[in-house]
Amino acid sequence: MALLPIITLPDPRLRKVSQLVERVDAEILQLLDDMLETMYEAPGVGLAAIQVAVARRIVVVDIGKTEEERSPLFLINPEVVWASEELSSYNEGCLSVPDYFDDVKRPARVRVRHLDRAGEMQEFDAEGLLATVVQHELEHLEGGLFIDNLSRLKRERVVKKFAKAARMDEIVAQRRAQAAPQSEEAEA
Ligand code: NI
């Protein structure tokens with residue numbers, strides 16, 4: 001297994017619509033294992049493949065709070081086939097929008113259909129935190145982010161903050177790159 005780099009806002013790949021998985025082969029199983037390890041390491045309770053820059057309809061979820069409570073869900077081509085009218089609100093966060101949390105309302109209960117690791121069709125009902133996490137991850141597959149559910153003002157504030165941070169990182173990287181040849185000469 002291997003840890004995969006998680007992409008963050010404003011990386012434009014987060015806005016890609018993910019493609020259906022046609023066959024659950026060894027490559028997909030490897031990706032599922034790597035995604036799960038990456039999610040546990042982060043740590044997070046859900047991860048969509050696009051967050052590791054793979055535009056496939058693949059999600060891993062585990063809302064277990066401790067290692068003993070772990071029970072990972074591997075969702076391939078997941079879809080919500082039923083959602084309750086009743087909504088519930090959770091303070092959500094996202095590994096691709098680090099250190100930002102806000103309340104999002106979503107259906108309180110959903111039924112999810114997906115392929116499992118054996119390529120078999122499965123269905124399960126989710127409520128509470130699990131329902132929220134699954135819907136949050138499925139949103140990623142459509143190129144969405146949880147901040148899309150916030151008011152325009154809030155969303156723009158978050159997007160601006162991350163764009164500015166990315167520009168600062170770029171400037172620092174450029175300065176380092178400019179400084180690097182000199183230090184190499186000095187060492188030569
Ligand atoms: Ni997320």
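In listed order, ligands and their atoms are each counted from 1.
For the atom pair CD (Gln135) and OG (Ser88), the distance works out to 8.0 Å, reported to the nearest 0.5 Å.
Of all protein N/O/S atoms, those under 2.8 Å from the Ni ion (ligand 1) are Cys94 SG, His136 NE2, His140 NE2, and waters are not counted.
Between Glu142 and Leu138 the shortest side-chain heavy-atom distance does not fall below 4.5 Å. Between Gln122 and Phe74 there is no side-chain heavy-atom pair separated by less than 4.5 Å.
Among pairs with a residue in residues 70-88, those fulfilling salt bridge (Lys or Arg N to Asp or Glu O under 4.0 Å) read Glu86-Arg109, at least two apart in sequence or across chains.
Just one of Glu127, Glu139, Glu137 meets the salt bridge (Lys or Arg N to Asp or Glu O under 4.0 Å) condition when paired with Arg106; it is Glu139.
Relative ring orientation between Phe146 and Tyr100 is described as tilted, the plane-to-plane angle lying within the 30° to 60° band.
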